[in-house]
Amino acid sequence: MIFNLYIFDRSGTCVYYSEYHRPRKATLSQDEEFKLTYGMLHSIKSFVTRISPKPVREGLHYYKTSTYKLNYFETLTGLKIVLNTDPGVGDIHDLLQQIYSQIYVEYVVKNPLCTPGEKITSELFETRLNALITSLPYFAT
Amino acid sequence: MVVFGVYVINKAGGLIYGQELGATPKLRANDRLTLASMFHSLYAITSNLSPQVQSSGIEVIETDTFKIQCKQTLTGTKFFVMSDPAHTGLDALLRRLYELYSDYVLKNPFYTPEMPIRCELFDINLARLMEQYESGRALTATF
């Protein structure tokens, strides 16, 4: 099961958010939730770098609780893709990389109408992303 | 050494036991304390941010260099171990760790709950458990 997807840019603004399944409705306003999520990821990142016995390269891959798994992918430019799935889903690091290289780069970076740092409004981006995500075998189960 | 470190956090978020094992570089005592309380708050936030109802906090964190597995008891004490990312089967280790904690810490009349663990028997048995674990033998009670 795929719950939701966040894309944060390097300065921490949420440039894209999409919800697929969400059994528990948000208790905070959307803006507050983005801030809390980004802040939490930032702390996890610093926690991970500080506690790691060896120097980290990519850092966090995922964390898992009893009911969900947060998959994390960060590019060298600081773009962060965060996908929440149920904890049974395996390693989807490649999928996040694919979202970045085949969808984000193609339809946002190469799109002259998208301004960096602003919400992604491109319909083409949204359709392609949804097509990819809904086609996944674990999308709804 | 596949297990890098073992930590116990009390219900208020204070580190009551922490140790890096074998050749793992030692953290400074101060860093260890801040990292433990950081983990405690991350645990609380992650359970709050869940898209699913009634989530626990972090159970596993995986990065390219290590993995952390955490278990929280009903009374709010958290145990977490840090190991190699490819390693599986930390569940059993955490369960045995909890057993040692209940046997040699909680049953120790000189131990004050929620305070740092300074119990010789716990140290000895933990060392024995780790030795047994690293050698790949099944974790059974041998005491």
Segment of B/Phe39 engaging chain A (4.5 angstrom heavy-atom cut-off): both
Chi angles and distances behind the ring-ring contact (aromatic ring centres under 6.0 Å, His included) call for A/Phe8, A/His42: CA-CA 11 Å; A/Phe8 293 101; A/His42 194 81; over 10 Å; no
Residue-level interface, residues 62-98 of chain A with chain B, non-hydrogen cut-off under 4.5 Å: A/Tyr62, A/Tyr63, A/Lys64, A/Thr65, A/Ser66, A/Thr67, A/Tyr68, A/Asn84
Side-chain ion pair, B/Glu131 and B/Arg128, N-O less than 4.0 Å: no
Most contacts with chain A, counted as non-hydrogen pairs under 4.5 angstrom, among B/Thr46, B/Leu27, B/Ile45, B/Asn48: B/Thr46
Greater than 12 external heavy atoms within 6.0 Å of B/Lys11's NZ: no
Part of B/Leu42 lying under 4.5 Å from any heavy atom of chain A: side chain
Contact origin within B/Ile58 toward chain A - heavy atom pairs under 4.5 Å: both
Contact winner vs chain B - A/Leu36, A/Thr27, A/Asn4, heavy-atom pairs under 4.5 Å: A/Leu36
Residue among A/Thr121, A/Val109, A/Val108 satisfying side-chain contact (heavy atoms from CB on, under 4.5 Å) with A/Cys114: A/Val108
Close aromatic pair by centroid cut-off 6.0 Å: B/Phe79 and B/Tyr7: no
Flag for A/Glu33-A/Tyr38: side-chain donor and acceptor within less than 3.5 Å: no
A/Ser135 versus A/Leu132, closest heavy-atom pair with distance: OG-O, 2.7 Å
Euclidean distance, A/Ser18 OG relative to A/Ile120 CD1, rounded to 0.5 Å: 11.0 Å
Region of B/Gln54 that comes under 4.5 Å of a non-hydrogen atom in chain A: backbone
Chain A contact residues among residues 115-123 of chain B, heavy-atom distance under 4.5 Å: none
Per-residue contact mode, B/Leu35 against chain A (heavy atom under 4.5 angstrom): both
Polar side-chain atom of A/His21 near backbone of A/Phe3 as donor-acceptor pair, under 3.5 Å: no
Ring-face cation contact, A/Tyr16 with A/Lys119, 6.0 Å cut, 45° max: no
Nearest non-hydrogen partners of A/Arg50 and B/Thr34, listed with the distance: NH2-OG1, 3.4 Å
Main-chain N/O of B/Pro51 paired to B/Ser55 side chain as donor or acceptor, under 3.5 Å: no
Value rounded to 0.5 Å, distance of OG1 in B/Thr24 from CD in B/Gln19: 10.0 Å
